[in-house]
Amino acid sequence: MTANASTLTRTRLADIAHALATSPDEWIQRVRLSTDGRWYERLHGDDDHEIWLISWLPGQSTGFHDHGGSRGAFAVALGSLREHDLTLERDLDAGDAREFGPDYVHEVRNVSSAPAVSVHVYSPPLSSMNRYDLTDGRLTRIAEERAEQW
């Protein structure tokens, strides 16, 4: 899956995520489940965008985070996930996709009783992510992760 930099709008990123999420033959054999935390693998990376496959056991969560200035999108491939973006929580089922801009902060978690799998696409590729604590409705930055840590 490749794309041209001039076409990597948020909508295009969501289209890429949705297309891959609904094509399990492309990724199902790669999925792993880990009780240590979410499992993830980078499926594609170039100068314009990258694609990640993530699996989630019940109760696993990202915590609140941003995407270091990258635009992005994710689509649920199997199961269901809940996204919280400070204004509301939404449940996403297989086939559902969300897109977001460069300043977006959210948390994604598996609140179901079954494993879930999702596809995430970022442009430009992630170079860093900030992690946040939510206390009394306010975000406090607690850490920065760099791409070389993943």
Side-chain angles (χ1 to χ4, degrees), residues 1 8-24 26-28 30-45 48-150:
M1 297 215 141
L8 291 179
T9 63
R10 291 175 9 188
T11 301
R12 177 69 178 126
L13 296 171
D15 289 345
I16 293 168
H18 183 266
L20 189 55
T22 58
S23 301
E26 298 288 324
W27 50 264
I28 194 73
R30 299 173 92 131
V31 172
R32 304 290 179 266
L33 300 174
S34 173
T35 57
D36 293 333
R38 290 170 296 116
W39 169 90
Y40 50 90
E41 180 180 336
R42 186 175 172 190
L43 299 179
H44 170 84
D48 296 328
H49 71 291
E50 64 183 354
I51 302 171
W52 291 83
L53 183 66
I54 301 177
S55 68
W56 315 69
L57 288 176
Q60 292 179 338
S61 170
T62 62
F64 282 97
H65 65 282
D66 65 24
H67 304 91
S70 293
R71 294 178 307 284
F74 72 98
V76 178
L78 291 173
S80 63
L81 296 170
R82 179 170 292 160
E83 180 195 27
H84 183 197
D85 70 5
L86 300 182
T87 60
L88 64 99
E89 290 186 326
R90 63 183 62 78
D91 290 327
L92 304 162
D93 296 317
D96 292 340
R98 291 277 302 136
E99 60 186 64
F100 48 87
D103 298 320
Y104 194 61
V105 175
H106 69 160
E107 172 190 47
V108 180
R109 56 193 152 123
N110 182 351
V111 297
S112 77
S113 60
V117 176
S118 55
V119 175
H120 302 247
V121 184
Y122 305 103
S123 179
L126 295 175
S127 60
S128 67
M129 292 174 61
N130 292 298
R131 299 223 168 261
Y132 300 89
D133 238 353
L134 180 63
T135 307
D136 298 327
R138 299 180 65 146
L139 289 174
T140 303
R141 184 173 168 246
I142 57 172
E144 178 186 26
E145 295 178 6
R146 307 290 307 163
E148 53 272 5
Q149 295 174 270
W150 308 311

Taking all heavy atoms of [X] and all of [Y], pick out the closest pair and write down the distance.
X	Y	answer
Ser23	Ala19	OG-O, 2.8 Å
Ser61	Arg38	O-NE, 3.4 Å
Pro58	Ala114	CG-N, 3.6 Å
Gly95	His18	O-CD2, 2.9 Å
Ala75	Ala21	CB-CB, 3.8 Å
Gly72	Tyr122	CA-CD2, 4.1 Å

Working to the nearest 0.5 angstrom, can you tell me the gap between [X] [atom1] and [Y] [atom2]?
X	Y	atom1	atom2	answer
Leu13	Arg10	CG	CZ	9.5 Å
Asp133	Thr140	CG	OG1	6.5 Å
Leu53	Ser118	CG	OG	7.5 Å
Ile16	Ser123	CD1	OG	8.0 Å
Ser70	Met129	OG	CE	10.0 Å
Ser55	Leu33	OG	CG	5.0 Å

With a 3.5 Å cut-off and no angle check, do the side chains of [X] and [Y] form a donor-acceptor pair?
X	Y	answer
Glu145	Trp150	yes
Asn110	Ser112	yes
Tyr104	Arg98	yes

Non-hydrogen side-chain atoms of [X] and [Y] separated by less than 4.5 Å:
X	Y	result
Val117	Ile54	no
Val105	Tyr132	yes
Leu20	Ile51	yes
Phe74	Val119	no
Leu8	Arg71	yes
Glu99	Thr11	yes

Main-chain N/O of [Y] paired to [X] side chain as donor or acceptor, under 3.5 Å:
X	Y	value
Arg146	Glu144	no
Trp39	Trp56	no
Gln60	Ser34	yes
Glu50	Leu126	yes

**Study point:** Working for side chain to side chain contact (heavy atoms under 4.5 Å, CB included), residues Leu134 and Leu86
**Key:** CA-CA 9 Å; Leu134 180 63; Leu86 300 182; 3.9 Å; yes
Exercise for review: Please lay out, stage by stage, how Leu78 and Ile28 fare under the test side chain to side chain contact (heavy atoms under 4.5 Å, CB included).
Suggested key: CA-CA 10 Å; Leu78 291 173; Ile28 194 73; 3.9 Å; yes
Practice item. For Phe64, enumerate each residue passing the ring-ring contact (aromatic ring centres under 6.0 Å, His included) test, keeping only those at least two apart in sequence or located in another chain. Key: His84
Review point. For Arg90, which residues count as a salt bridge (charged side-chain N to carboxylate O under 4.0 Å, His left out) partner, sequence neighbours excluded?
Key: Glu83, Asp85
Review point. Would you call Glu107-Arg131 a salt bridge at under 4.0 Å N-O?
Key: no
Check your understanding: Does the pair His67 and His106 meet the rule for a ring-ring contact (aromatic ring centres under 6.0 Å, His included), with working shown?
Key -> CA-CA 9 Å; His67 304 91; His106 69 160; 5.0 Å; yes
